[in-house]
Amino acid sequence: MSSSPVTVLPFLRDGDGVVSFEDCGIRLDFGRQRLTMSDLNRLISFAEDRKLMENFLSMMNGNLVNRTENRAALHTALRSQTANAPHYQEINQAKQKMFLFAKKIRSGELKGCKGDSFTDIINIGIGGSEVGPKALYHAFHEVNPKIQIHFLSSVDGIIFDRIVGTVNPYKTLIIVSSKSFKTRETLVNAAEIDKWLQESGIKGTDRAKHIVVVSANPKAPNILNLPKENLFPMWDWVGGRFSVWGSVGLPDVIALGPEIFSEFLAGAYDMDCHVANSPLNRNFAALLALISYWNATRLGIMLQCILPYDERLRMFVSC
Ligand SMILES: O=P(O)(O)OC[C@H]1O[C@](O)(CO)[C@@H](O)[C@@H]1O
């Protein structure tokens with residue numbers, strides 16, 4: 001099929017058939033896409049031939065779908081609400097540890113080394129170890145949050161100066177988040193922040209009250225000279241960009257509270273169930289993926305514009 005100028009193609013809604021539907025409290029309207037119902041049906045047959053749903057379910061079951069790294073891609077297990085999900089026990093254990101820690105910080109039971117309650121968190125991390133928790137915080141934080149999160153990823157020193165210039169080290173918790181614990185920017189920033197803490201008098205065992213690590217690397221606490229209890233685990237079977245659903249979400253669990261984080265997980269689980277159980281012609285993820293494929297390969301439209309309708313979703317586009 002040759003590509004035609006976009007303006008002469010019909011809208012899907014100009015023909016017969018369903019072009020919008022609702023599920024999970026969301027309405028998808030794809031009627032303004034430039035294709036016909038018979039094009040859409042051919043796309044759906046194409047997806048069936050390629051076993052799209054079988055492959056999606058295989059991913060959810062923990063099979064090795066990331067062939068380049070020979071790994072599973074199990075972010076769906078992090079938000080699953082059933083005990084049948086792969087790795088349920090270790091995921092649940094990590095979540096309980098995170099929730100308990102957050103509750104103790106929020107209630108003031110866990111304090112800094114001089115007896116202060118925590119008012120600030122500095123999240124040190126980059127890429128997937130920053131973008132998810134930042135988007136979530138931006139979407140949900142109150143006008144005057146009791147605990148504020150500051151995100152430190154770049155190493156040019158400007159953001160570092162701005163953050164440490166406004167927080168009190170005795171009331172600040174540092175979360176160093178890195179799946180590999182080998183990322184240069186993160187390790188440089190962690191060393192600089194540690195220096196700042198030590199210059200403020202937070203030394204020796206007091207450091208362990210102010211720094212925790214999130215990592216898939218079991219050596220992470222040791223690398224920063226912290227006790228192993230200060231590690232919140234993640235796993236190599238979750239991609240960095242999707243790690244906010246697990247321990248990378250720790251700053252949000254503390255600042256927003258476990259209840260909001262639990263709702264965030266439950267909402268994602270609802271959507272996972274929708275995608276796993278809906279036929280392709282009523283399936284949000286499959287339809288959006290197929291239409292995007294059509295636009296790129298048949299219409300030559302290589303760009304996709306995502307316009308969040310609410311300022312709180314602004315960061316969603318960077319995820
Ligand atoms: O969490 P890490 O291992 O520090 O990696 C940070 C980011 O760097 C990358 O490896 C490359 O940008 C991302 O995949 C990842 O999210």
Side-chain angles (χ1 to χ4, degrees), residues 18 21-26 28 30 33 35 39-95 127-129 131-132 135-136 179-180 214-218 233-249 261-262 264-298 304 306 316 319:
V18 175
F21 61 91
E22 277 187 38
D23 203 350
C24 306
I26 295 174
L28 176 67
F30 48 108
Q33 295 298 316
L35 75 173
D39 294 328
L40 184 62
N41 289 335
R42 276 192 298 139
L43 277 172
I44 288 172
S45 303
F46 168 71
E48 283 164 354
D49 291 347
R50 296 298 180 101
K51 303 199 180 313
L52 182 70
M53 285 316 295
E54 288 87 334
N55 282 311
F56 179 74
L57 296 175
S58 165
M59 180 192 82
M60 280 183 113
N61 288 331
N63 293 321
L64 298 181
V65 292
N66 175 350
R67 298 210 175 88
T68 48
E69 295 177 304
N70 202 32
R71 287 175 186 171
L74 267 177
H75 46 285
T76 48
L78 297 180
R79 55 219 192 188
S80 174
Q81 315 275 306
T82 76
N84 302 332
H87 302 284
Y88 175 77
Q89 272 196 338
E90 53 189 318
I91 291 171
N92 201 38
Q93 220 171 24
K95 189 165 80 178
S129 297
V131 75
L136 193 56
K179 182 172 163 181
S180 60
V214 174
S215 187
N217 182 344
M234 56 192 288
W235 304 277
D236 69 357
W237 33 263
V238 173
R241 291 273 150 178
F242 303 95
S243 54
V244 66
W245 311 97
S247 296
V248 169
F261 194 79
S262 295
F264 173 62
L265 295 180
Y269 176 66
D270 260 8
M271 184 53 76
D272 289 338
C273 291
H274 161 85
V275 176
N277 299 318
S278 303
L280 291 173
N281 65 351
R282 293 287 184 282
N283 189 311
F284 287 152
L287 282 171
L288 288 173
L290 288 171
I291 289 170
S292 174
Y293 174 76
W294 169 267
N295 287 337
T297 59
R298 298 304 168 106
Q304 187 164 12
I306 299 176
F316 177 70
C319 288

Problem - Derivation of the ring pair (Phe, Tyr, Trp, His ring centres under 6.0 Å) call for H87 and W237 - result: CA-CA 10 Å; H87 302 284; W237 33 263; 3.9 Å; yes

Practice task
State whether a side-chain donor-acceptor pair under 3.5 Å links S58 with N63.
Solution key: yes

Practice task
Measure the acute angle between the ring planes of F30 and F21, then classify it against the limits of 30° and 60° as parallel, tilted or perpendicular.
Solution key: perpendicular

Taking the side chain as every heavy atom from C-beta outward, state whether [X] and [Y] have any atom pair closer than 4.5 Å.
{"X": "L288", "Y": "N283", "answer": "no"}
{"X": "I26", "Y": "H274", "answer": "no"}
{"X": "V244", "Y": "L136", "answer": "yes"}
{"X": "L40", "Y": "I44", "answer": "yes"}

Atom pair [atom1] ([X]) and [atom2] ([Y]), whose distance is rounded to the nearest 0.5 Å:
{"X": "T76", "Y": "L57", "atom1": "OG1", "atom2": "CG", "answer": "10.0 Å"}
{"X": "S215", "Y": "M234", "atom1": "OG", "atom2": "CE", "answer": "7.0 Å"}
{"X": "L35", "Y": "R298", "atom1": "CG", "atom2": "CZ", "answer": "11.0 Å"}
{"X": "L43", "Y": "T297", "atom1": "CG", "atom2": "OG1", "answer": "7.5 Å"}
{"X": "R50", "Y": "N55", "atom1": "CZ", "atom2": "CG", "answer": "10.5 Å"}
{"X": "M60", "Y": "M53", "atom1": "CE", "atom2": "CE", "answer": "8.5 Å"}

Show the nearest heavy-atom pair for residues [X] and [Y], with the distance to one decimal.
{"X": "I91", "Y": "P86", "result": "CD1-O, 3.7 Å"}
{"X": "A286", "Y": "L52", "result": "CB-CD2, 4.0 Å"}
{"X": "G239", "Y": "K179", "result": "CA-NZ, 3.9 Å"}
{"X": "F46", "Y": "L290", "result": "CD2-CD2, 4.5 Å"}
{"X": "A72", "Y": "L64", "result": "N-CD2, 3.6 Å"}
{"X": "G128", "Y": "V248", "result": "O-CG1, 3.8 Å"}

Practice task
Carefully, step by step, assess K95 and L265 under the rule side-chain contact (heavy atoms from CB on, under 4.5 Å).
Solution key: CA-CA 11 Å; K95 189 165 80 178; L265 295 180; 3.8 Å; yes

Problem - Neighbour count >12 (heavy atoms, 6.0 Å) for atom CD, E22 - result: yes

Exercise for the section: Assess whether atom CD of Q89 is packed by more than 12 heavy atoms of other residues, nucleotides or ligands within 6.0 Å. Expected result: no

Handout entry: Short side-chain to backbone donor-acceptor contact, S80 and A77, under 3.5 Å
Key = no

Exercise for the section: Check whether any side-chain N or O of N66 sits under 3.5 Å from a backbone N or O of A73 as a donor-acceptor pair, and report yes or no. Expected result: no

Handout entry: Pairing residues for Q81 by the side chain to side chain donor-acceptor pair (under 3.5 Å) criterion, not counting sequence neighbours
Key = none

Practice task
Start with the C-alpha gap between L280 and L287, add the side-chain angles, then the distance that decides, and say whether side-chain contact (heavy atoms from CB on, under 4.5 Å) holds.
Solution key: CA-CA 7 Å; L280 291 173; L287 282 171; over 6 Å; no

Handout entry: Salt-bridge contact R79-D272 (side-chain N to carboxylate O under 4.0 Å)
Key = yes

Practice task
Determine the sole option in Y269, W245, W235, F242 for which the ring pair (Phe, Tyr, Trp, His ring centres under 6.0 Å) test with H75 is passed.
Solution key: F242

